[in-house]
Amino acid sequence: DGDPRGFWNDTHAFVSGSPIAPGDTFSFQMDSSNTAAFYYLDVVDVENPPPPLAQPANSLSITDYGAISNNINVDNTTAINNCFSAALQQGKIAWIPPGTFYFSAVNGGLHASGITIQGAGPWYSTLYRVTPKNNSQGVANIITTTSSTLRDVALDCNGSSRAGNNNNGAVNFSGNGWLVDNVWIQHVTSAFWCSGNGGTAQNCRVLSVWSDGGNFNNVEGSAGIGMNLTYSNNFVRGTGDDAMAINSVNYNVNGSTTTYYTMMSNIMYVNNTAIGAWGGKNMAIYGGINQTVTNNYLHDTARYVG
């Protein structure tokens, strides 16, 4: 948009062939299929992921409701939401099996209430939002829930900026006692835009997003509260706005209507790593009372203060 600060883009893949053992060396090379004049490698993270988790007992798979993996031409919105609804009605877990499940950015997004959504692990189970080129419609969040749990999945999309109608957030949670655990998020606006009472986002990684990495606020849910929320043991790198934020809003004005919100309280940001926020702060505290921000590692902001 004429104001570039995104210096890299994270991607991930499995290494094929023999495993890389501790102490080994490996290299990157340009092959004939690599047609750019040059490539910059900023950082390489190598890890040995665990095997995929098995489908838990007492669960419903989204494939049982018509979801099809690894086909970008299939819009799985209805199939996934139908599985979420059935899981609520039957008191079961909604299972996201290994594979990439694509869904439309302009077909309402994914919605759940009062359920657990479980994947095989963020290396294996991906929910991927697809925005059409030259989009003129609004873009739905990847997943919006009330009082739910999301764990062991990756959330991704083809958004290339936060401008216009191209993108929106990933995890928009509110309600009571919600949990997001071991979720990998990339290429959205806000990775977390969450409110409510007693929610936790933990053990997650946020890479190359266009807005906030973690934003706890009091305006996401209809109750207008944000209290007793915890953001812990998360890794955040390359955000286009604040890597982490406590965002206590006093009021919003919409035409002739002014809406006031309850001041945020008892928010904890602990044991997190934030690196390379290129459009905001690494840790931002906008109001509220009784906040705890401790034992976080903040490194390399490109534009604003740490």
Side-chain angles (χ1 to χ4, degrees), residues 49-71 74-105 107-130 140-157 169-185 188 191-205 220-223 228-230 232-234:
L53 299 171
Q55 181 174 350
N58 195 40
S59 64
L60 303 174
S61 175
I62 60 173
T63 57
D64 296 336
Y65 292 81
I68 298 174
S69 65
N70 306 323
N71 187 338
V74 174
D75 178 7
N76 287 298
T77 308
T78 299
I80 296 173
N81 281 330
N82 284 345
C83 181
F84 291 172
S85 297
L88 176 63
Q89 294 168 3
Q90 300 179 36
K92 294 186 176 181
I93 297 169
W95 168 247
I96 315 295
T100 299
F101 294 88
Y102 297 95
F103 65 96
S104 170
N107 199 14
L110 307 179
H111 294 265
S113 178
I115 66 170
T116 292
I117 303 162
Q118 167 79 55
W123 278 102
Y124 307 102
S125 299
T126 300
L127 299 173
Y128 192 104
R129 181 183 61 204
V130 181
N141 299 308
I142 288 183
I143 183 166
T144 302
T145 81
T146 304
S147 306
S148 293
T149 292
L150 176 69
R151 62 192 337 150
D152 301 314
V153 298
L155 306 178
D156 205 347
C157 74
V171 175
N172 283 46
F173 277 31
S174 62
N176 299 315
W178 56 262
L179 173 66
V180 182
D181 186 18
N182 193 30
V183 174
W184 189 336
I185 303 172
V188 295
F192 292 93
W193 183 267
C194 302
S195 66
N197 187 7
T200 298
Q202 64 186 20
N203 308 319
C204 298
R205 64 183 96 185
E220 160 56 19
S222 59
N228 306 310
L229 305 175
T230 301
S232 67
N233 198 38
N234 300 298

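Numbers here are sequence positions counted from 1. Predicted model only: the values in this text are computed from it and were never measured. Heavy-atom basis, side chains included; hydrogens, waters and symmetry copies ignored.
- With hydrogens and angles disregarded, a donor-acceptor distance shorter than 3.5 Å links the side chain of R129 to the backbone of A140.
- No donor-acceptor distance shorter than 3.5 angstrom exists from the side chain of S147 to the backbone of G114, with no hydrogens or angles considered.
- Without hydrogens or angle criteria, N58 side chain to I93 main chain gives no donor-acceptor distance under 3.5 Å.
- Between F101 and the choices I96, L110, T126, the side-chain contact (heavy atoms from CB on, under 4.5 Å) rule is met once, by I96.
- Nearest heavy-atom pair across A86 and Y65 is CB-OH, 3.2 Å.
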Carefully, step by step, assess F192 and F173 under the rule side chain to side chain contact (heavy atoms under 4.5 Å, CB included).
CA-CA 8 Å; F192 292 93; F173 277 31; over 6 Å; no

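- N81 places a side-chain N or O within 3.5 Å of a backbone atom of G109 that can act as its donor or acceptor partner.
- Scanning both residues, P122 and A154, for their nearest heavy atoms gives O-CB, 3.5 Å.
- The side-chain heavy atoms of I143 and I117, taken from C-beta on, include a pair separated by under 4.5 Å.
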For the pair D152 and Q118, evaluate side chain to side chain contact (heavy atoms under 4.5 Å, CB included) and give the outcome as yes or no after the intermediate values.
CA-CA 6 Å; D152 301 314; Q118 167 79 55; 2.7 Å; yes

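- Between the CG atom in N182 and the CG atom in L150 there is a gap of 10.0 Å [rounded to 0.5 Å].
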Derivation and outcome, side chain to side chain contact (heavy atoms under 4.5 Å, CB included), residues F84 and I80
CA-CA 6 Å; F84 291 172; I80 296 173; 3.4 Å; yes

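- Expressed to the nearest 0.5 Å, how far NZ of K92 lies from CG of L60 amounts to 5.0 Å.
- In plain terms, the two heavy atoms of G99 and S69 that are nearest each other are CA-CB, 4.2 Å.
- Taken to the nearest 0.5 Å, the CD1 atom of I62 stands 10.0 Å off from the CH2 atom of W95.
- Closest non-hydrogen pair, N107 versus S104, comes out as N-OG, 3.6 Å.
- Inspection of the N233 and Q202 side chains reveals no N or O donor paired with an N or O acceptor under 3.5 Å.
- With hydrogens and angles ignored, the 3.5 Å screen pairs a side-chain donor or acceptor of N234 with a backbone N or O of A201.
- The side chain to side chain donor-acceptor pair (under 3.5 Å) check on S61 picks up T63, with sequence neighbours excluded.
- Proximity of a side-chain donor or acceptor of D156 to a complementary backbone N or O of Y128 within less than 3.5 Å is not detected.
- For the pair W178 (side chain) and S195 (backbone), a donor-acceptor distance under 3.5 Å is present.
- Contact between V183 and C204 at its shortest, heavy atoms only, is O-CB, 3.1 Å.
- Under a 3.5 Å cut-off, the side chain of S85 and the backbone N or O of C83 do not form any donor-acceptor pair.
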I would like to know whether C194 and L229 meet side chain to side chain contact (heavy atoms under 4.5 Å, CB included); could you show each step before the answer?
CA-CA 9 Å; C194 302; L229 305 175; 5.7 Å; no

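- A side-chain N or O of D181 and one of N203 form a donor-acceptor pair less than 3.5 Å apart.
- For the pair S125 (side chain) and A120 (backbone), a donor-acceptor distance under 3.5 Å is present.
- Not counting sequence neighbours, D64 has no partner by the salt bridge (Lys or Arg N to Asp or Glu O under 4.0 Å) test.
- Taken to the nearest 0.5 Å, the CG atom of N141 stands 7.0 Å off from the CD atom of E220.
- In this structure, F103 and L127 have side chains that are in contact, with non-hydrogen atoms separated by less than 4.5 Å.
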